[in-house]
Amino acid sequence: MSTPVPGYDCTMDELMVVAFSRAMSNDTRAFNGAVSFIPVCGYMLARRTHAPDLVWAASSIAVDADPDEIGDSTLSDSLWGGASMLSNSPFDFWTYAQGARYNTFAFRGAQMDACGNVNNTVIGPYDAPKVRLPGGGGMADLGTMIPRIYLWSSTHDPRTFVERLDFRSGIGWGDGGDHRERLGLPGGPQLCITNLCVFDFEPVGKRMRLASLHPGVTAEQVQQATGFEVVMPEGAIPATAEPTAEELRLLRTEVDPTSARLREF
Amino acid sequence: MSTPVPGYDCTMDELMVVAFSRAMSNDTRAFNGAVSFIPVCGYMLARRTHAPDLVWAASSIAVDADPDEIGDSTLSDSLWGGASMLSNSPFDFWTYAQGARYNTFAFRGAQMDACGNVNNTVIGPYDAPKVRLPGGGGMADLGTMIPRIYLWSSTHDPRTFVERLDFRSGIGWGDGGDHRERLGLPGGPQLCITNLCVFDFEPVGKRMRLASLHPGVTAEQVQQATGFEVVMPEGAIPATAEPTAEELRLLRTEVDPTSARLREF
Amino acid sequence: MSKVTTLEQAAAQVPDGATVAIGGLSMNSAPMALVRELVRQEKKDLTLVAIVAGMAVDWLVAGRCVRRVLSGLVSFEGLGLAPNFRAGVQSGRVAVEEYSEHLLICRLQAQSSNLPFMPTKAGLGTDVLGLHTASGAVREERDAPSGERYVACTRLPVDVALVHAHEADERGNARVNPKLVWMDNEIVNAAARTVASVERVAATEAFTAEPERTTYPRFMIDAVAPAPLGAYPCSSFPDYSHDSEFFTAYSQAARDRGEFTQFFRERVVGPETWEDFLDANNAATGASA
Amino acid sequence: MSKVTTLEQAAAQVPDGATVAIGGLSMNSAPMALVRELVRQEKKDLTLVAIVAGMAVDWLVAGRCVRRVLSGLVSFEGLGLAPNFRAGVQSGRVAVEEYSEHLLICRLQAQSSNLPFMPTKAGLGTDVLGLHTASGAVREERDAPSGERYVACTRLPVDVALVHAHEADERGNARVNPKLVWMDNEIVNAAARTVASVERVAATEAFTAEPERTTYPRFMIDAVAPAPLGAYPCSSFPDYSHDSEFFTAYSQAARDRGEFTQFFRERVVGPETWEDFLDANNAATGASA
């Protein structure tokens, strides 16, 4: 469902895609997993704006794909149009991931905690789950291999952003602080983009910190919607930047003309 | 150089190829390395006679190849005609080798010892070699992975068949006895086919044992040409079986019409 | 001795209690015709190995064929959770051995490469490793000289791998067009036997004409079962895409037990032959949608 | 920012003392045009990584560019030993770190996969492992739970990989026809930089038209140096075979120091451009022979 952003000439899905896009850079080498409409739109948009050399492997397979439209699956061949390489999971992909030749990946967990760890396995105890979720898939892998991790959620509420995960399917900053470093893992989560705000991670404890508020949202609302204590930055909290007309035009007409991204809402 | 075998209507290269061919079976799944004309001819001949389902990957790459002729390299693309698969070393080959999906390989070392270990690295001390040889290549790998190892040599003399290798590039039966088993390695050398005789390996100590003598060769001559003590079998030592007219016809007209196998002599 | 057989005969060779690895990835290239036949033959107590799966696992769980699932992920992606899998696990009827994609791949590689383990960094710092402490299937280790942490993934023996390919010849040479094998070669390499369903049987000459396109050599494939549209309702790139309508209707039906029973009978297990099944689902239309 | 450059400029980016991995296998697909340029530029103290090589290593040793060779095998196969390599090692001027093919591959894989080691059974029971006891580059281990032996192959960092491919575009997408990469992808994956010589530069559209044929994505290739017949006197399947005449004449000349010096000047390093070199060797004829 498309929700207008108060005061901005765009909707929430568009704001999130643009925020994601702007976090990308010209040396981003990304790929995507299942149900990743926001990141997929973000990669495609960044490549059309400030990051022309950005690498995006659609479905982790189709390098430099430029599909006419996005279908109902972000792991589907409908996404592969225009690719200059169809790489192959076992032969190419895993080595590129392990060696951080791909440097960027985005997760969305059914639960996420303050350090950006994610759960997509079970709600409730593992052996007697209240809800059996799909499973972590590549989260446990890519969380350890890829240095630039991005998180997103279109359901910013206390059920999603929890103090304690029921199961840690994928590692973000782990227990926080230097935990990743102690495990020998590169980088870590950079941002978490939600339907209320953008979080970054404060550099010492590696907990989510409010980086910008979407128009009409207050810091108090974010805290109320979050199951853990949100780190507040020094000074005023900026508003999430407004998409430019050109960004919106590209998103609406070229990147995702069928609004596949609304499947996340 | 083509040498007639006394009393047989064939030459030494032909006798060796036929002896090799007959050691193959219908479940042989083989590949070959460099300068392996005798085994290559053997695989092709066996497939045309008693082992129609035998798998041979030419140059370790071209599965079921059936070249019109053999060129001056057994690692060359000239060998790949008629293949039903061009496999790829890193992706297919090594997994098939490690998992013994390929079950047969043949070595020829510049030096070989009684237990079928081979040296293709140096003559003399490693750090100050008298002769620097090419190096073991895949010998150290395939000796550990492939259960059915065959050895051959067209220069049966005490410089080749030595009591002690200057360097063990590839393992045969190792130190003999249960050494391979203790190392957790499958199978081991089955036969060694030379220009004087065929050796098998006696089952307990795993040392070369005279299995058959080529026409005109005596057991004493074999011992004199061998730098280690040859195990003599119980009872009479048979003559290496004579090739059939059909085997010779196939070898001469279909398998190797240009006599590439003479490059080994 | 042709390796070409029927779906029925190929499935009949899978014994109850077997460990069966299912090819494909999510909604792509799953061997659905073979899976359907396993359900029809009422297999029992199967252990499934499914790296990233969905409908195939759900059918087998719905058919009560499954005791245990080793998986990285089972879902219908954006089209929802896999309803029978979810219910089966929540009720305790089906056990899940949770891995991640790479942990499973590494276990399969240890098996196919005849090594005591394959190392990876996958899983470090997650709760996945703790699930396997008792069995030792994967374990966290520290490399002594460097102090570096890694995860040792032990061998995973597989009785039968089921994969879908585009073409095979009678000898068992098989190929996937254009070259995408998802992670199927990992399960094929680890399995004692592999059965491939294929869109069509081709002459050996089709393989010798373009040997660089062969995906599996004949000695890796034990049986070939022809099944046009054999991955339906999943995709077989580039021939056809997944049929979203089937996924949606299936999920819809699963909200009610009675409705699902009817759906499963009429549109999945009931049709006698694979062709009947395709007709019952208007597959020729749906798959190209 | 096109990645297309000249052989001269591509070679100029290889510093003295670098660890350079050479692609190809034996007489196939070696990046000879790039290697010739390294010799012409009189590189010093290179460490070569050459899994199975021949002429490329011999040229570099003849040109006094090499301090150390990490290899599985260096020879001209049935056409003889590599004469300068042999003499260089026997004289002590060139050090050989002896591996086997799979031990080197596993070291490269540890590097490219960012793991402390890759396990293999290669080398067990041979003298190869003992050569590396002091450095610890590869070491025999025993898996504690199973008691099983294996060899741990540690990371092998490579500064530059040199490979030969058929086509690349300006962005660096490259492909090898039909799909044979020998073991080149192992060195490309492990290298900080990769330079590809190519038979021809192609438009990006040639890659998007057949994306399944792309061997290396653009982010793995740092420079593209056009060199028609760039693997000569080695082969570049399926375009041309190795030129046996060159190998034989080279080996013949190497029997005499003066004769070899003249041969090496006239037929290897002397010709100014790659085209001059090809002319000096009648390469267009020899390669197709």
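These numbers were taken from a predicted model, which means no experiment stands behind them. When reading the values below, keep in mind they use all heavy atoms of this one structure, side chains included, and skip hydrogens, waters and symmetry mates. Just so we're on the same page: letters track the sequence lines, and every chain starts at 1.
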Query - Interatomic spacing from CG in B:N117 to OG1 in D:T126 - rounded to 0.5 Å - result: 9.5 Å
Query raised in the report: Regarding D:H242 and B:D77, is there a side-chain donor-to-acceptor distance under 3.5 Å anywhere?
Result: no
Query - Segment of B:I61 engaging chain D (4.5 angstrom heavy-atom cut-off) - result: side chain
Query raised in the report: For chain B, which residues of residues 80-88 of chain D have at least one non-hydrogen atom nearer than 4.5 Å to it?
Result: D:L81, D:F85, D:R86
Report task. Select, from D:V96, D:L79, D:I51, the one with the greatest count of heavy-atom pairs under 4.5 Å involving chain B. Result -> D:V96
Requested in this report: Give the member of D:S100, D:S75, D:P178 that has the highest number of heavy-atom pairs under 4.5 Å with chain B.
Outcome: D:S100
**Report entry** Contacting moiety of D:L25, where chain B heavy atoms sit under 4.5 Å
**Finding:** side chain
Report task. Decide if atom CZ of D:R93 counts as having more than 12 heavy atoms of other residues, nucleotides or ligands within a radius under 6.0 Å. Result -> yes
Query raised in the report: Are B:S169 and D:V128 close enough that some pair of their side-chain heavy atoms sits under 4.5 Å apart?
Result: no
Query raised in the report: Between the side chain of B:D141 and the main-chain N/O of D:H102, is any donor-acceptor distance below 3.5 Å?
Result: yes
Query raised in the report: In terms of heavy-atom proximity below 4.5 Å to chain B, should D:P238 be classed as side chain, backbone, both, or neither?
Result: neither
Query raised in the report: Which atoms form the tightest heavy-atom contact between D:G78 and B:V35, and what is the distance?
Result: N-CG2, 3.5 Å
Requested in this report: Find the one option among B:N119, B:T74, B:L133, B:V131 whose heavy-atom pairs under 4.5 Å with chain D are most numerous.
Outcome: B:V131
Report summary line: Applying a strict 4.5 Å limit to non-hydrogen atoms, the region of B:R182 in contact with chain D is backbone
Requested in this report: State which residues pass side chain to side chain contact (heavy atoms under 4.5 Å, CB included) with D:T194; sequence neighbours excluded, sorted by chain then number.
Outcome: D:A161, D:V163, D:V188, D:A191, D:I221, D:D222
Query raised in the report: Between B:Y126 and chain D, which part of the residue has a heavy atom less than 4.5 Å away: side chain, backbone, both or neither?
Result: side chain
Query raised in the report: Does atom CZ of B:R164 have more than 12 heavy-atom neighbours from other groups under 6.0 Å away?
Result: no
**Report entry** Option in B:A128, B:G184, B:G136 with maximal non-hydrogen atom pairs under 4.5 Å from chain D
**Finding:** B:G136
Query raised in the report: At what distance, to the nearest 0.5 angstrom, does CG of B:N88 lie from CG of D:D184?
Result: 9.5 Å
Query raised in the report: Roughly how far apart are D:M183 CE and B:F93 CZ, rounded to 0.5 Å?
Result: 7.5 Å
Query raised in the report: Is the number of heavy atoms from other residues, nucleotides or ligands within 6.0 Å of CD (B:E181) greater than 12?
Result: no
Requested in this report: Please determine, among B:G138, B:G143, B:G124, the option with the most heavy-atom pairs under 4.5 Å with chain D.
Outcome: B:G138
Requested in this report: Using a cut-off of 6.0 Å, state whether more than 12 heavy atoms not belonging to D:R139 lie near its atom CZ.
Outcome: yes
Query raised in the report: What part of B:Q98 gets closer than 4.5 Å to chain D, counting heavy atoms only: side chain, backbone, both or neither?
Result: side chain
Query raised in the report: Under 6.0 Å from the CZ atom of D:R67, do we count more than 12 heavy atoms belonging to anything else shown?
Result: no
**Report entry** Pairwise side-chain contact, B:L86 with D:F237, heavy-atom cut-off 4.5 Å (strictly under)
**Finding:** yes
Query raised in the report: Salt-bridged, D:E98 to B:R132, with N to O below 4.0 Å?
Result: yes
Query raised in the report: Heavy-atom distance under 4.5 Å to chain D: side chain of B:S60, backbone, both or neither?
Result: neither
Report task. Specify which of B:M145, B:R263, B:E264, B:M139 makes the most heavy-atom pairs with chain D at under 4.5 Å. Result -> B:M145
Query - Top of D:E186, D:K121, D:Q90 for chain B proximity - count of heavy-atom pairs under 4.5 angstrom - result: D:Q90
Query raised in the report: Can you say whether B:L142 sits under 4.5 Å from chain D via the side chain, the backbone, both, or neither, judging by heavy atoms?
Result: neither
Query raised in the report: Is a side-chain donor or acceptor of D:N28 paired with a backbone partner of B:L75 at a separation under 3.5 angstrom?
Result: yes
Requested in this report: Working to the nearest 0.5 Å, report the span between CD of D:E148 and CG of B:L183.
Outcome: 11.5 Å
Query raised in the report: With a 4.5 angstrom heavy-atom cut-off, which part of D:M27 approaches chain B: side chain, backbone, both or neither?
Result: side chain
